[in-house]
Amino acid sequence: MSQQHICSIGELANEFDITTRSVRFYEDQGLLIPYRRGNIRIFDDKCRARLKLILRNKRMGFSLSEIKDLFDRWDAAIPGGNEKQLLLMLDTLARKRAQLEQQKNDIAQAEMEMDTAEARCREALTDLQQRKRKQTKATTKEPESTEQK
């Protein structure tokens, strides 16, 4: 039997490079449920795994309420999950993937618009600089003498 690794809030925060305030916030939201020894929080491997999932799901664009919903579904399911729960998870992942695809398309469109705007600005700047050079040449050129010998 493997031994549980337990740690304090500070150790858990350091391990995941987050603040203790973030850990407490996740606890307040019901996402982490540490054991208590008096006023001291004791985090075990389950808390560690849940925190890893919280951070990963946040990177994938899940809100904390969506993460809590996923945890609630998982906690209510039989160990290893059940078909309904796994199908719901697949549906949730498909929706998130579609949102990310839309965001990628929106970013690509914005980049194309920026490229167009940048090209127009550069073209206008080049035209302006050329006109300025011509104007400078015209004003510095000495008028020709009207006397001819």
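- Residues Glu118 and Cys121 fail the side-chain proximity criterion, which asks for heavy atoms closer than 4.5 Å.
- Atom CD of Gln129 is separated from atom OG1 of Thr136 by 11.5 Å, given to the nearest 0.5 angstrom.
- One finds no salt bridge joining Arg120 and Glu123 here, because no Lys/Arg side-chain nitrogen approaches an Asp/Glu carboxylate oxygen to under 4.0 Å.
- No side-chain donor from either of Asn105 and Gln109 sits under 3.5 Å from a side-chain acceptor of the other.
- Between the side chains of Thr92 and Arg95, a donor-acceptor pair is found at a separation under 3.5 Å.
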Test side chain to side chain contact (heavy atoms under 4.5 Å, CB included) applied to Thr126 and Arg131, step by step: CA-CA 9 Å; Thr126 300; Arg131 279 186 275 146; over 6 Å; no
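- Side-chain atoms of Asn57 come within 3.5 Å of backbone N or O of Leu53 as a donor-acceptor pair.
- In the hydrophobic clustering of this structure, Leu51 does not group with Tyr35; members are Ile, Leu, Val, Met, Phe, Trp, Tyr whose side-chain heavy atoms approach within less than 4.5 Å, directly or through other members.
- A donor-acceptor distance shorter than 3.5 angstrom exists from the side chain of Lys96 to the backbone of Gly61, with no hydrogens or angles considered.
- Residue Leu100 is not grouped with residue Met89 when hydrophobic side chains (ILVMFWY) are merged at heavy-atom distances under 4.5 angstrom, including chains of intermediate members.
- Cluster membership check: Leu86 does not share its hydrophobic cluster with Leu70, using side-chain heavy-atom separations under 4.5 Å among Ile, Leu, Val, Met, Phe, Trp and Tyr.
- Between Lys134 and Thr139 the shortest side-chain heavy-atom distance does not fall below 4.5 Å.
- Under the 4.5 Å side-chain contact rule for hydrophobic residues, Leu55 and Ile67 share a cluster.
- For the pair Glu27 and Arg36, the salt-bridge criterion is met [side-chain N within less than 4.0 Å of a carboxylate O].
- With values rounded to the nearest 0.5 angstrom, Leu12 atom CG is found 10.0 Å from Asp44 atom CG.
- Within the cation-pi definition used here (under 6.0 Å to the ring centroid, within 45° of the axis), Lys52 does not qualify as a partner of Phe16.
- Of all the heavy atoms in Gly10 and Thr20, the pair that sits closest is CA-CG2, 3.9 Å.
- Remark: of the listed residues Arg50, Arg24, Arg41, Arg50 is the sole one forming a side-chain contact (heavy atoms from CB on, under 4.5 Å) with Leu32.
- To the nearest 0.5 Å, atom CZ of residue Arg48 and atom SG of residue Cys7 are 4.5 Å apart.
- Other residues, nucleotides and ligands contribute more than 12 heavy atoms inside 6.0 Å of the CG atom of Leu125.
- Atom CZ in Arg122 sits 14.0 Å away from atom CG in Asp127 (nearest 0.5 Å).
- Linking Ile, Leu, Val, Met, Phe, Trp and Tyr residues whenever their side-chain heavy atoms come within less than 4.5 Å leaves Leu88 and Phe62 in two separate clusters.
- Looking at Lys132 and Gln135, their side chains never bring a donor and an acceptor atom within 3.5 Å of each other.
- Here OG of Ser8 is found 8.0 Å from CD1 of Ile42. Values are rounded to the nearest 0.5 Å.
- For the atom pair CZ of Phe25 and CG of Leu64, the computed distance is 5.5 Å after rounding to the nearest 0.5 Å.
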